[in-house]
Visitor: 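Below is one structure. I have some questions about it.
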Amino acid sequence: MEHAKSVLIMGGSGQTGAGIAAILRRWYPTLPLTIAGRDLERARRVADDLGDATAVTVDLRRDDLGLPAGHEHSAVVAALWDSHLNGLRYAQDRGLPYVSLSSGLTDIAPEVVAGGRRAGAAPILLASHWYAGLVTLATLELAREFGRIDTIRVGAVLDEPDIGGPAAAADMERLTAATSAGLVRRDGVFSWVDGPEARVEVSGADGAALPGQITATLDVPSLALATGAPNVRFAFAVGKSAESRRRGEPASSVVGIDLEGEDHQGAPLRRRRHLRHPEGQRDLTALAVALGVERLLGLRGETVAPGLHTPEALIDPAYAVERMTEIGATFADAPGDPPASRP
């Protein structure tokens, strides 16, 4: 399939942006890509490695992003913080799908307002979830076993060396500075918790407990509203994710997913699983964004209407899990749980 217009990846020369581009190139060899970054030479290196890709500089302070005249795009991916929302405005002015993954729950209001004010302008994918929505999608695939879900607890372990590049580190600092409180759903009510109430233990893949913190993430409302679960929380810890890391092996990403409720016959059911990737969070985040771009461009599924969208509203969880396993992600039952038929 030939595409005349390219996917503009702002921050495309960074770790996550380059990962997004690499996955899209692998899936769609003829899909043109524009790698936009502050450092043109670095962007050129990424573009040259990809083939059929263009390198440009981007200025987030300008309405036109400082892009060369005459360039046309099929979508805009903000693989960095769109600090002035000019990437979003650029997409809306041209009717292009837009993907955001760095705003977080605490910074999302300007995007929501911008999308609401011009609801018919363009489809906007709000993907500031953990791994840009893959944890939510994996949890929803596991949830298929349940007739009713009462409680969802998610615990992620972020390895110290796996925070990402400078842009990702700045995002983490900005979002944690916004609030130390975490968002939960408790007895059906969305609430904020802070201090001792927000401190919990998070288990790595080997069961070792790490001190963690309930956090404010879009996964909480996404999971709560998608499943109807009245009790939802998401916590994370920074530390060594598994015994292998404590032996000095490379950083890996680990997320524990714990669901409680009833099966489709009304019997009590609990599932506890670990999602793990041996090379850290970058590949999973990049995959999630690539899935979103694929969907927004109509390369898989029906055309996406203008408006605000979340990953679970656009992407089939079973398909996401299939793609996750293709890049080396694994799912394991927690000790003592019966084998689950789905991840």
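Nothing fancy with the numbering, it's 1 onward along the sequence.
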Visitor: Does Arg271 qualify as a cation-pi partner of Phe146, given the criterion of NZ or CZ under 6.0 Å from the six-membered ring centre and within 45 degrees of its axis?
Guide: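 Not flagged: Arg271 not positioned over aromatic ring of Phe146.
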Visitor: Without swapping roles, check the side chain of Asn86 against the backbone of Leu60 for a donor-acceptor pair under 3.5 Å.
Guide: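 Answer holds: yes.
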Visitor: With a cut-off of 6.0 Å (strictly less than), are more than 12 heavy atoms of other residues, nucleotides or ligands near CZ of Arg185?
Guide: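 Yes - once you tally the heavy atoms of other residues, nucleotides and ligands closer than 6.0 Å, there are more than 12.
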Visitor: Does Tyr98 have any ring pair (Phe, Tyr, Trp, His ring centres under 6.0 Å) partners at least two apart in sequence or in another chain, and if so, which?
Guide: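 Testing Tyr98 for ring pair (Phe, Tyr, Trp, His ring centres under 6.0 Å), a comparison that skips the adjacent residues, returns none.
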Visitor: Is it true that Asp316 and Arg144 have a side-chain N and a carboxylate O under 4.0 angstrom from each other?
Guide: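 Arg144 and Asp316: salt-bridged.
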Visitor: Under a 4.0 Å N-O cut-off, is there an ion pair linking Arg273 with Glu141?
Guide: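 Salt bridge flag = no for Glu141 with Arg273.
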Visitor: By the definition side chain to side chain donor-acceptor pair (under 3.5 Å), identify the one residue from Arg270, Arg233, Arg272 that meets it with Asp258.
Guide: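 Among Arg270, Arg233, Arg272, the one meeting side chain to side chain donor-acceptor pair (under 3.5 Å) with Asp258 is Arg270.
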Visitor: Is the backbone N or O of Ala229 less than 3.5 Å from a side-chain atom of Thr227, with the two atoms forming a donor-acceptor pair by type?
Guide: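 Yes; judged by distance alone, with no hydrogens or angles, the pair exists.
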Visitor: Cationic tip of Arg323 within the cone over Tyr319's six-membered ring, i.e. under 6.0 Å and within 45° of the normal?
Guide: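 Relative to the ring axis of Tyr319, which defines the angle, Arg323 lies outside at least one limit.
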Visitor: Under 4.5 Å between side-chain heavy atoms, counting indirect links through other Ile/Leu/Val/Met/Phe/Trp/Tyr residues: same cluster for Val113 and Leu126 or not?
Guide: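 Not linked; separate clusters.
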Visitor: Strictly distance-based, threshold 3.5 Å: is any side-chain N or O of Glu294 a donor or acceptor partner for the main-chain N or O of Leu24?
Guide: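 Side chain of Glu294 to backbone of Leu24: no pair is present.
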Visitor: For Thr325 and Glu322, indicate whether the former's side chain and the latter's backbone hold a donor-acceptor pair under 3.5 Å.
Guide: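 Judged by distance alone, yes, a pair lies under 3.5 Å.
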Visitor: Measure from the side-chain N and O atoms of Arg282 to the backbone N and O of Thr16, and report whether any donor-acceptor pair falls under 3.5 Å.
Guide: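 Looks like no, no N/O pair under 3.5 Å.
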Visitor: Check this for me: does any side-chain nitrogen of one of Glu302 and Arg295 sit under 4.0 Å from a carboxylate oxygen of the other?
Guide: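 Salt bridge present between Glu302 and Arg295.
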Visitor: Under 6.0 Å from the six-membered ring centre of Trp27 and within 45° of its axis: does the NZ or CZ of Arg300 meet both?
Guide: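 Relative to the ring axis of Trp27, which defines the angle, Arg300 lies outside at least one limit.
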